[in-house]
Amino acid sequence: MAGERVLVVPRRLVPDRAGWYGLRTDDLNAFLEVVAAHGRYELRAEMERDPEFKQIIPYLVLRDADRYFLMRRSRVGGDVRLHDRWSIGVGGHLNPGDDGLSGGLQREWREEIVADFEPAFTPFALLNDDTTDVGAVHLGVVVLADAGGRAVAVRETDKLSGAFAMPAEVADGSEHLETWSRIVFDALEASTVGPEPRS
């Protein structure tokens with residue numbers, strides 16, 4: 001993290017100042033234009049402590065028809081908060097060399113996934129959870145993609161395992177899901193996407 005610069009936008013430019021919880025599809029395209037026009041790269045170490053800014057995180061949910069690409073983290077990774085957690089999202093911070101959201105998605109795909117194709121990436125919703133210190137300084141851009149029956153695997157097999165899973169399997173392990181994954185999964189399965197007022 002030392003010296004890393006990440007893409008951020010001021011909280012005041014996020015729809016409703018990010019005063020909502022969950023997913024919202026309204027304002028998505030307009031906000032992506034805001035990111036392109038007003039996003040800037042700041043030191044990640046400083047932004048992790050400053051809730052007046054939101055770090056923009058592309059969060060790719062890969063599906064194959066009804067199935068989700070479900071990843072399980074081992075205990076090898078450096079962040080103990082993520083040990084044994086499950087995720088249906090591939091994502092990470094955006095850096096100066098990424099050329100914005102689309103370039104960052106392509107980089108994350110190459111770094112995290114082994115596949116002989118690159119799917120079409122479709123921005124779907126904004127994702128916010130200010131109920132934790134980590135969530136308070138991050139904003140997800142949920143992106144959907146479909147494997148179309150093609151083979152996919154995780155690249156860092158020492159840290160992750162991954163395979164397509166039916167919704168029932170994901171639901172059965174929902175207590176293991178990372179917070180963002182649980183929010184996205186519940187919304188997609190309920191087919192109802194809308195922000196909830198922050199209490």
Side-chain angles (χ1 to χ4, degrees), residues 1-8 41 43-45 47-48 55-125 127 129 132-135 137-167 169-185 188:
M1 184 186 298
E4 181 185 7
R5 303 182 77 86
V6 296
L7 183 65
V8 301
Y41 295 95
L43 286 173
R44 179 178 175 184
M47 295 296 98
E48 292 287 346
Q55 300 169 58
I56 304 302
I57 307 292
Y59 198 70
L60 173 64
V61 178
L62 179 65
R63 302 178 76 177
D64 188 8
D66 292 336
R67 300 185 301 163
Y68 293 83
F69 191 66
L70 178 63
M71 293 161 287
R72 297 174 173 88
R73 301 183 189 276
S74 71
R75 293 176 174 265
V76 174
D79 192 339
V80 296
R81 296 172 301 180
L82 300 179
H83 288 176
D84 297 323
R85 303 304 286 175
W86 295 8
S87 177
I88 60 167
V90 176
H93 292 82
L94 296 170
N95 304 122
D98 284 335
D99 191 27
L101 184 71
S102 60
L105 273 169
Q106 291 170 332
R107 175 180 57 78
E108 288 287 339
W109 177 264
R110 293 190 300 269
E111 289 179 355
E112 304 290 340
I113 299 296
V114 177
D116 61 3
F117 69 96
E118 182 179 288
F121 300 128
T122 304
F124 173 65
L127 170 57
D129 174 15
T132 68
D133 290 341
V134 173
V137 294
H138 294 86
L139 184 76
V141 178
V142 180
V143 178
L144 304 182
D146 195 286
R150 294 168 288 190
V152 176
V154 294
R155 187 171 298 280
E156 296 182 299
T157 54
D158 59 327
K159 298 178 181 179
L160 290 168
S161 61
F164 284 105
M166 292 299 295
E169 182 181 351
V170 180
D172 285 345
S174 62
E175 71 274 12
H176 299 293
L177 284 173
E178 298 168 4
T179 303
W180 276 16
S181 286
R182 189 166 58 249
I183 292 170
V184 175
F185 175 73
L188 289 174

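Heads up: numbering here begins at 1 and tracks the sequence. In what follows, every heavy atom counts, from backbone to side chain, and hydrogens, waters and symmetry copies are set aside.
With rounding to the nearest 0.5 angstrom, the NE2 atom of H138 is 11.5 Å from the CG atom of D133. With rounding to the nearest 0.5 angstrom, the CZ atom of F164 is 10.5 Å from the CG atom of L70. One finds the CG atom of L43 at 11.5 Å from the CD atom of E48 (value rounded to the nearest 0.5 Å). In this structure, D146 CG and R67 CZ are separated by 10.0 Å, a value rounded to the nearest 0.5 Å. Taking CZ of R73 as the reference point, atom OG of S87 lies at 5.5 Å (rounded to 0.5 Å). Rounding to the nearest 0.5 Å gives a distance of 9.0 Å between CG of L127 and OG of S181.
Taking all atoms of both residues into account, the shortest heavy-atom contact from D64 to G149 is OD1-N, 2.9 Å. Shown here for A145 and L60, the closest heavy-atom pair between the two residues is CB-CD1, 3.7 Å. Summarising the geometry of L62 relative to A147, their closest heavy-atom pair is CD1-N, 3.9 Å, with the distance given to 0.1 Å. In this structure, E178 and Y59 approach most closely via the heavy-atom pair OE1-OH, 4.1 Å. Closest of all the heavy-atom pairs between I57 and G91 is CG2-C, 4.4 Å. Heavy atoms only, all atoms of each residue included: L144 and L188 are closest at CD2-CD1, 4.3 Å.
Considering only heavy atoms from C-beta on, V6 stays 4.5 Å or farther from L94 through its side chain. Looking at V152 and V114, their side chains never come closer than 4.5 Å, going by heavy atoms from C-beta outward. With contacts defined as side-chain heavy-atom distances shorter than 4.5 Å, the pair R44/R5 does not qualify.
For R182, the salt bridge (Lys or Arg N to Asp or Glu O under 4.0 Å) criterion is met by no residue, not counting sequence neighbours. Every residue was checked against the salt bridge (Lys or Arg N to Asp or Glu O under 4.0 Å) condition with D129, not counting sequence neighbours, and none meets it. In this view, E156 and K159 satisfy the salt bridge (Lys or Arg N to Asp or Glu O under 4.0 Å) rule, not counting sequence neighbours.
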Worked check of side chain to side chain contact (heavy atoms under 4.5 Å, CB included) between R63 and I88: CA-CA 9 Å; R63 302 178 76 177; I88 60 167; over 6 Å; no

Check step by step if side chain to side chain contact (heavy atoms under 4.5 Å, CB included) holds for V8 and I56. CA-CA 6 Å; V8 301; I56 304 302; 6.0 Å; no

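Classification of R107 and D98 as a salt-bridged pair holds, one side-chain N sitting under 4.0 Å from a carboxylate O. The pair R72-E169 meets the salt-bridge criterion, with a side-chain N (NZ, NE, NH1 or NH2) lying under 4.0 Å from an Asp/Glu carboxylate O.
For F185 and Y68, the ring centers are positioned less than 6.0 Å apart. Proximity of the aromatic rings of W109 and F117 is defined here by a centroid distance below 6.0 angstrom, and this criterion is met.
Open room surrounds CG on D99; 12 or fewer heavy atoms of other groups in view lie less than 6.0 Å from it.
Judged by distance alone, the side chain of R155 and the main-chain N or O of I113 form a donor-acceptor pair under 3.5 Å. Without hydrogens or angle criteria, D66 side chain to M166 main chain gives no donor-acceptor distance under 3.5 Å.
Between H93 and E4, the side chains place no donor N or O within less than 3.5 Å of an acceptor N or O (distance only, hydrogens not considered).
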